[in-house]
Asker: 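Quick one: this structure, given as structure tokens, is what I'll be asking you about.
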2 protein chains.
Amino acid sequence: MSVERTLHHFPLDPASRQVRLALGEKRLPFVEVQVRYWEGPTEFLKLNPSGLPPVLIETKHQRTTVIAENRAILEHIEEQEPEPALLGREPGERAEARRLLQWFDRKFDNEVNGFLLHEKMEKRLLRLGAPDLSSLRRGRDALRQHMDYIEGLLNTRDWLAGRRMSLADFAAAAHLSVIDYFGDVPWKDFPATKTWYMKLKSRPAFRPILADRWPGLAPVAHYDDLDF
Amino acid sequence: MSVERTLHHFPLDPASRQVRLALGEKRLPFVEVQVRYWEGPTEFLKLNPSGLPPVLIETKHQRTTVIAENRAILEHIEEQEPEPALLGREPGERAEARRLLQWFDRKFDNEVNGFLLHEKMEKRLLRLGAPDLSSLRRGRDALRQHMDYIEGLLNTRDWLAGRRMSLADFAAAAHLSVIDYFGDVPWKDFPATKTWYMKLKSRPAFRPILADRWPGLAPVAHYDDLDF
């Protein structure tokens, strides 16, 4: 039953981080391969035609399965390694966790990352010049709206999707952790979110994320500080 | 074990159509409520804070579950009503179907719908004026690239994700059917895709989709023609 896993990922990609957190939380070891996806490497396009990380490759009984895209990987891991359950057990819990997965991967990604991370990260990786200030402002304004929403949920729930920690927490933390790397999360205005993030940040699965560094992109000073 | 289902949807929304096709294929009856989501109705925001359809409401043993967003609903239906299986049974099949679900909901949606459907549908619903021709062209160019990709898959596979019909086919057909409503699918240049779409179009689950009409938005003449 031993499974060998290789994860192709980019350290500062929120989708990749969701998978690293889920694998870490389930204590499933994996070999990592870092992908410079913005350079469109031909070999990687064979693994995922969209050209985007993450891609998980599993080998079990000499049979190899390629699983591309974060949602596919998260659902796969949950089916293959159900304990500890990260999607909830009741249909209502699972629905709520999955609703939030879609919220972060589509709405947050479009409204926040499409501006903030595009300006601060992608433009540097692609050498597209200095950040555009009005796009940065637009991304920061959207981030505050999303944090209002998260704060509201956490004022009535222990974890984002309800009483139990779930993939929804990892999705949110994966996104916020990348934005935090660039120093743009206004933690002090969102105390419940800050407390929630401190709890996640101190989990063993989070350690590799806090150790991430990318050449030419330095993190903000408090990035890996557990008591920020 | 009787379950009462109500689906809140918009007839020309690709995400809603995926769910209608999956429910239809599994022969699960449901009451439908049409949502004018672009008007941001307050009642609907309580069901789904993102403001987007579809939302499925299930009542079973007097217990109500709200499932919002298409991926959450598709996974939920598959878990609750596994037959006929629409995600495949093998991990590799499921991974491939889910990869394609993400392809259509993110890549196709951003690159094609964000231009074509925005110009032809959303701008009319929102009374934002005439379509912008360069955006229409950009959407049509992207559509051709996506159809090249679909055609390539269908030249080596019976169905998009492999040997069996799956949710990946419904996702692709849901997206293409909305664009076809507006007459923008260049079927004649993609023979394998056309044959595949004819097969899907003739399934009973597709009938309600072909009967959709929205006031002020007339479909192209061949829209509901099974032999187009």
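Each chain gets a letter, A, B and so on, in the order the sequences are listed, and its residues count up from 1. As a basis for the values below, the full set of heavy atoms in this structure was taken, side chains included, without hydrogen atoms, waters or symmetry mates.
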Asker: List the residues meeting side chain to side chain contact (heavy atoms under 4.5 Å, CB included) with Pro41(A), not counting sequence neighbours, and say none if there are none.
Answerer: Val35(A), Phe44(A)
Asker: Just list the donor-acceptor pairs under 3.5 angstrom between chain A and chain B, please.
Answerer:
unit_1, atom_1, unit_2, atom_2, d
Glu69(A), OE1, Arg106(B), NH2, 2.6
Asn70(A), OD1, Gln102(B), NE2, 2.6
Arg71(A), N, Gln102(B), OE1, 3.3
Glu79(A), OE1, Arg94(B), NE, 3.1
Glu79(A), OE1, Arg98(B), NH1, 3.4
Glu79(A), OE2, Arg94(B), NE, 3.3
Glu79(A), OE2, Arg94(B), NH2, 2.6
Glu79(A), OE2, Arg98(B), NH1, 3.4
Glu79(A), OE2, Arg98(B), NH2, 2.7
Arg94(A), NE, Glu79(B), OE1, 3.1
Arg94(A), NE, Glu79(B), OE2, 3.3
Arg94(A), NH2, Glu79(B), OE2, 2.6
Arg98(A), NH1, Glu79(B), OE1, 3.4
Arg98(A), NH1, Glu79(B), OE2, 3.4
Arg98(A), NH2, Glu79(B), OE2, 2.7
Gln102(A), OE1, Arg71(B), N, 3.3
Gln102(A), NE2, Asn70(B), OD1, 2.6
Arg106(A), NH2, Glu69(B), OE1, 2.6

Asker: Would you mind telling me which of Leu101(B), Val66(B), Leu52(B) has the largest number of heavy-atom pairs within less than 4.5 Å of chain A?
Answerer: Leu52(B)
Asker: With a 4.5 angstrom heavy-atom cut-off, which part of Leu56(B) approaches chain A: side chain, backbone, both or neither?
Answerer: neither
Asker: Where is the tightest heavy-atom contact between Ala95(A) and Ala72(B), given as atom of each residue plus distance?
Answerer: O-CB, 4.1 Å
